[in-house]
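The block underneath contains the structure these notes are about, expressed in structure tokens.
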Amino acid sequence: MGWVGLSVLVLAGVGAAAPVSDTAQRERGRYIAHDVAMCVQCHTPRDETGALIEDQEFMGASFPVAAPSFIPEGAWCVTAPRIAGLPGFTDDEAVEFFMSGARLGRHQPKWPMPPFHLSRPDAEALVAYLRALPER
């Protein structure tokens, strides 16, 4: 292969996104779950002082706040489900949920779960992180 052929190969790669490593993707997902979307605050049980129980992160929890009076009965989340391992979701369903705010367009979760509209890379990172968590 001459210089021209090598130059074409090098230039063909310019601007192409480098693949994200699994570790980097999961770290991005952890950042989203802990510091942006704050999933950890509702999906992790708390001790008697109100502190999160770290060894039970994302294992589901009683919701720590009562429904406001303007929310109809039954529309408020009483228990946040376990999301460690994402039980009950395929990867595609979970990505769609985090991108659209609804489970495959069918329904939104109960209040106060916000209808997230993450980008595909962020949704995929969040799914990779939650999927990698032990289901205990």
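Note that the coordinates shown come from a computational prediction; the quantities given were computed from them, not determined experimentally. As a basis for the values below, the full set of heavy atoms in this structure was taken, side chains included, without hydrogen atoms, waters or symmetry mates.
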Discussion item. To the closest 0.5 Å, what do you measure between OG1 (Thr44) and CD (Gln56)?
Written reply: 9.0 Å

Fill in: For Gly101 against Pro109, the heavy-atom pair lying closest together
O-CD, 3.6 Å

Worksheet item: Hey, what do you get for CZ (Phe97) to CG (Leu86), rounding to the nearest 0.5 Å?
Response: 10.0 Å

Worksheet entry | Spatial distance of atom CD (Glu57) from atom CD1 (Ile83) [nearest 0.5 Å] | 10.0 Å

Item to complete: Go through the steps for His117 and Met99 under the test side-chain contact (heavy atoms from CB on, under 4.5 Å), then give the verdict.
Response: CA-CA 4 Å; His117 294 282; Met99 288 176 59; over 6 Å; no

Worksheet entry | Exercise: identify the closest heavy-atom pair between Ala84 and Pro87 | O-CD, 3.5 Å

Worksheet item: Quick one: CD on Glu96 to CZ on Phe89, what's the gap to the nearest 0.5 Å?
Response: 11.0 Å

Worksheet, complete the sentence: In terms of heavy-atom contacts, Glu93 and Gly88 come closest through OE1-O, 3.7 Å

Worksheet item: Would Trp111 and Val65 show up in the same hydrophobic cluster when neighbours are defined by side-chain heavy atoms closer than 4.5 Å?
Response: yes

Discussion item. Show every side-chain hydrogen bond (donor to acceptor under 3.5 Å, both in side chains) that has at least one partner inside residues 29-38, sequence neighbours left out.
Written reply: His34-Tyr129

Response to the item:
When rounded to the nearest 0.5 Å, the distance separating CZ of Phe98 from CG of Leu126 is 4.5 Å

Practice prompt. Assess whether side-chain contact (heavy atoms from CB on, under 4.5 Å) is satisfied between Arg26 and Asp22, documenting all intermediate values.
Written response: CA-CA 6 Å; Arg26 284 193 302 273; Asp22 290 346; 3.5 Å; yes

Practice prompt. Would you name the heavy atoms of Ala80 and Cys42 that are closest together and state the gap between them?
Written response: CB-O, 3.1 Å

Fill in: Asp122 CG to Ile32 CD1 distance, which is reported to the nearest 0.5 Å
4.0 Å

Worksheet item: Okay, side chain of Gln41, backbone of Met38: is any donor-acceptor separation there less than 3.5 Å?
Response: no

Discussion item. I'd like to know whether CZ of Arg46 has more than 12 heavy-atom contacts from other residues, nucleotides or ligands below 6.0 angstrom.
Written reply: yes

Fill in: side-chain hydrogen bond (donor to acceptor under 3.5 Å, both in side chains) evaluation trace for Thr90 with Asp92
CA-CA 5 Å; Thr90 66; Asp92 289 340; 5.3 Å; no

Worksheet entry | Intermediate values then yes/no, side-chain contact (heavy atoms from CB on, under 4.5 Å), Thr79 and Phe63 | CA-CA 5 Å; Thr79 303; Phe63 196 74; over 6 Å; no

Practice prompt. State yes or no: do Val36 and Leu133 share one hydrophobic cluster built from I, L, V, M, F, W and Y residues joined by side-chain heavy-atom distances below 4.5 Å, directly or via other members?
Written response: yes

Worksheet, complete the sentence: What one should report as the nearest heavy-atom pair of Pro112 and Cys77 is CD-CB, 4.3 Å

Worksheet item: Met113 and Ile71: same hydrophobic cluster, using ILVMFWY side-chain contacts below 4.5 Å?
Response: no

Worksheet, complete the sentence: Taking every heavy atom of Ala125 against every heavy atom of Arg28, the minimum-distance pair comes out as CB-CG, 3.8 Å

Worksheet entry | side-chain hydrogen bond (donor to acceptor under 3.5 Å, both in side chains) pairs, two or more places apart, involving residues 58-77 | none

Discussion item. Determine whether Arg82 and His43 satisfy the following criterion, side-chain contact (heavy atoms from CB on, under 4.5 Å), listing intermediate values before the conclusion.
Written reply: CA-CA 6 Å; Arg82 173 173 63 97; His43 292 273; over 6 Å; no

